[in-house]
Amino acid sequence: MIQSKHPSDQTPDDITASRQALMATLAAASPEAVAEKFETLSPPEFDMVRQPETGLVMVRGRMGGTGSPFNLGEVTVTRCVVRLETGETGSAYSLGRNKKKAVQSAVIDALWQRPADRERIETEIISTLAASKASDTETVRQETEATKVNFFTMVRGDD
Amino acid sequence: MYVAVKGGEKAIRNAHKLTAKRRRGDTSVPALTLEQIAGQLAHSIARVMGEGSLYDETLAALAIKQARGDLIEAAFLMRAYRTTLPRFGYSQPVDTAKMLVERRISATYKDLPGGQVLGPTFDYSHRLLDFTLAAEEEGDPEFAVETAPAEETSMPRVTDLLGDEGLMEADPAGDEDAQVGDLTRDPLSFPADRDIRLQNLARGDEGFLLALAYSTQRGYGRTHPFAGEIRYGEVDIEFFAEELGFAVTLGSIKVTECQMVNQFKGSAKTAPTFTRGYGLVFGQVERKAMSMAMVDRSLRWEELGEEQAAPAQDTEFVLSHSDNIQATGFVEHLKLPHYVDFQAELGLVRQMRAEWFEKRERAEEASQEAAE
């Protein structure tokens with residue numbers, strides 16, 4: 001999550017990839033975790049470009065896993081767009097219906113776009129949220145791994 | 001036919017109040033919280049999200065609470081709620097090969113890359129009531145779950161492995177720009193392509209699909225299935241945000257995927273290969289994912305050059321009756337007042353009976369006259 005390159009060396013593609021990672025990290029975090037991080041910032045003034053709004057996204061799967069797409073069912077999604085006084089526009093998209101989380105995530109996204117704030121947002125918010133998610137994922141993986149099974153095939157009449 | 005009636009407002013209002021009281025139950029017992037329902041009744045939640053065709057655990061918990069545990073009623077509430085929300089668009093197709101796997105088993109391969117992990121399952125458990133759960137004291141018992149170092153191995157889908165050898169029928173490579181049928185936009189019509197069939201089955205009633213799948217095993221349209229792979233875990237949902245010009249990850253949902261491997265098919269032109277049925281459902285609902293895969297395979301009879309001989313192969317029958325919201329609406333509407341309808345039938349039966357008695361009387365008179 002933390003950029004290894006100096007900001008001025010980043011290509012537009014690098015910046016998009018980092019922003020995607022940031023938005024994904026915020027989306028994956030719980031509303032409580034986002035709120036806790038948001039409160040550590042001194043929240044800037046911002047305007048609502050698009051009020052937080054809850055809607056549906058139809059999730060698609062693929063026939064057989066890799067074939068043509070089909071519609072599986074919908075998820076609730078909440079999105080929001082804000083603009084800082086300094087002009088940066090921040091967006092948020094996240095599963096669920098939490099509007100406060102959407103606003104706070106959009107403000108964090110906007111702040112990240114300010115060169116002066118980017119590193120602080122990365123280190124103080126995004127990397128800790130990402131680390132927390134990675135740790136949860138690792139727990140699931142380790143618990144799952146303990147249930148790994150090895151079946152032995154018996155020859156009939158041989159027990 | 002249902003004809004509108006008037007009146008009954010007070011009785012209805014009182015019945016609703018009574019339902020609310022009965023729903024709450026004994027007030028000396030704490031009320032269920034949504035967190036408790038979502039956290040401890042995961043399979044109920046999954047069923048309601050799947051059949052309600054809307055993934056939102058908190059909403060499903062609320063629906064279950066409001067419906068007093070009636071899962072079809074709860075799914076109905078979910079379907080009704082979704083109509084109040086705008087549609088932002090369609091996600092990119094989920095990639096189940098990248099799933100954070102919590103369970104992955106294969107009944108066809110003992111040793112497969114990535115291994116088999118049992119995860120949370122009722123399989124291999126004795127179906128004995130566990131009275132320690134009934135006696136549980138308030139407070140959390142400590143669950144000492146074993147862990148093991150997890151390697152960074154990928155878990156390719158079993159069907160991809162066999163596919164490499166050409167033994168497995170390949171997934172139909174679709175036209176990515178082709179229109180994908182959507183039952184929430186256009187009502188079901190026939191013939192129904194596989195995209196529509198899979199969407200219908202994914203939101204279909206678990207019991208109905210289970211019975212159909214069972215019927216194919218018992219000989220009504222045999223497909224000789226093997227559970228090639230069942231996997232359950234988390235997949236990311238990606239959505240292309242037009243205004244941003246790039247895809248955003250919305251978060252992750254839990255799904256169960258089932259790959260059924262079925263008997264060979266071959267023709268003069270193509271060598272025999274295993275054929276496949278596919279199941280994908282919200283949450284951990286293996287019974288339904290398996291049933292869906294078996295029914296999907298049965299419905300492919302035409303494409304695979306098989307004969308249609310069983311109910312599970314009848315696309316129109318299966319797809320028209322799988323939706324429990326529609327089914328419950330039509331069956332349960334019979335409870336509503338049908339007085340005018342019935343009045344008409346009553347008149348008809350009276351007339352038919354009068355005619356019948358008259359005819360009998362005449363016949364009796366005629367036979368009496370003949371005897372005399």
Side-chain angles (χ1 to χ4, degrees), chain A residues 13 16-17 19-21 23-29 49-50 53-79 81 89 91-98 133 137-153, chain B residues 50 53-56 59 82 85-94 96-97 100-103 110 115-119 145-150 157 159-160 171-174 178 180 182 184 194-195 198-199 202-203 237 239 241 244 246-253 257 259 276 278 280 282:
Chain A
D13 281 353
T16 299
R19 190 164 169 216
Q20 282 174 307
M23 289 178 72
T25 302
L26 289 167
V49 177
R50 184 190 256 167
E53 177 192 23
T54 298
L56 301 167
V57 166
M58 175 60 89
V59 175
R60 284 187 167 161
R62 287 189 183 279
M63 300 172 191
T66 56
S68 305
F70 69 94
N71 292 312
L72 172 64
E74 288 165 317
V75 287
T76 51
V77 174
T78 302
R79 65 183 177 191
V81 182
T89 307
S91 291
Y93 271 92
S94 171
L95 292 184
R97 288 165 295 117
N98 198 302
K133 186 183 180 220
T137 301
E138 188 55 24
T139 302
V140 169
R141 288 168 55 87
Q142 289 187 6
E143 287 175 352
T144 304
E145 189 69 15
T147 67
K148 183 166 268 182
V149 68
N150 284 307
F151 287 114
F152 297 97
T153 313
Chain B
S53 202
L54 178 60
Y55 195 104
D56 186 313
L59 280 180
R82 68 160 287 285
L85 296 178
R87 169 74 76 77
F88 293 165
Y90 294 88
S91 85
Q92 295 178 352
V94 293
T96 52
L100 170 60
V101 170
E102 287 193 45
R103 173 164 164 77
K110 216 155 44 73
Q116 299 200 38
V117 286
L118 297 180
V145 170
E146 301 294 329
T147 59
R157 284 172 292 236
T159 45
D160 300 343
D171 282 324
V180 181
D182 186 351
T184 67
R194 197 172 174 205
D195 53 348
L198 286 170
Q199 184 183 9
R203 50 193 245 155
I237 308 292
F239 176 74
L244 293 173
F246 56 79
V248 291
T249 308
L250 303 175
S252 58
I253 63 169
E257 181 187 53
Q259 301 272 4
R276 304 159 57 184
Y278 187 65
L280 185 66
F282 284 156

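Keep in mind that what you see is a predicted model, and the values were worked out from it rather than measured. Just so it is clear: chains get the letters A, B, ... in the order the sequence lines come, proteins before strands, and each one is counted from 1.
Scanning for ring-ring contact (aromatic ring centres under 6.0 Å, His included) contacts around Phe239(B) gives Tyr93(A), with sequence neighbours left out. By the ring-ring contact (aromatic ring centres under 6.0 Å, His included) test, Tyr278(B) pairs with no residue at all, sequence neighbours left out.
The contact between Val75(A) and chain B is made by backbone and side chain atoms together, counting heavy-atom distances below 4.5 Å. For chain A, the nearby part of Ile237(B) is the side chain; its heavy atoms alone come within less than 4.5 Å. Interface remark: Pro149(B) contributes backbone atoms only to the contact with chain A (heavy atom separation under 4.5 Å).
Of the possible polar contacts, one joining the Gln259(B) side chain to the Gly64(A) backbone as a donor-acceptor pair under 3.5 Å is found. In this structure a side-chain-to-backbone donor-acceptor pair under 3.5 Å is missing from Asn71(A) to Gln199(B). A donor-acceptor contact shorter than 3.5 Å links the side chain of Ser91(B) to the backbone of Arg60(A). In this structure, Gln20(A) contributes its side chain and Ala247(B) its backbone to a donor-acceptor pair below 3.5 Å.
Once rounded to the nearest 0.5 Å, the distance linking OG1 of Thr249(B) with CG of Leu26(A) reads 11.5 Å.
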Take Asp195(B) and Met63(A) through the side-chain contact (heavy atoms from CB on, under 4.5 Å) test and state the conclusion after the steps.
CA-CA 8 Å; Asp195(B) 53 348; Met63(A) 300 172 191; 3.8 Å; yes
So Leu54(B) and Leu56(A), side-chain contact (heavy atoms from CB on, under 4.5 Å) or not? Walk me through it.
CA-CA 9 Å; Leu54(B) 178 60; Leu56(A) 301 167; 3.5 Å; yes
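Relative to the six-membered ring of Phe88(B), Arg79(A) meets both conditions, a distance below 6.0 Å and an angle of at most 45° to the axis.
Glu146(B) approaches Ala146(A) most closely through the heavy-atom pair O-CB, 3.3 Å. Residues Ala27(A) and Gly251(B) approach most closely at CB-N, 4.4 Å, considering heavy atoms.
Note on Ser252(B), Pro86(B), Ala202(B): by heavy-atom pairs under 4.5 Å with chain A, the leading option is Pro86(B).
Using a cut-off of 4.0 Å between Lys/Arg side-chain N and Asp/Glu carboxylate O, Asp171(B) and Arg62(A) are scored as not salt-bridged.
With a 4.5 Å cut-off on side-chain heavy atoms, Glu74(A) and Leu85(B) do not count as touching.
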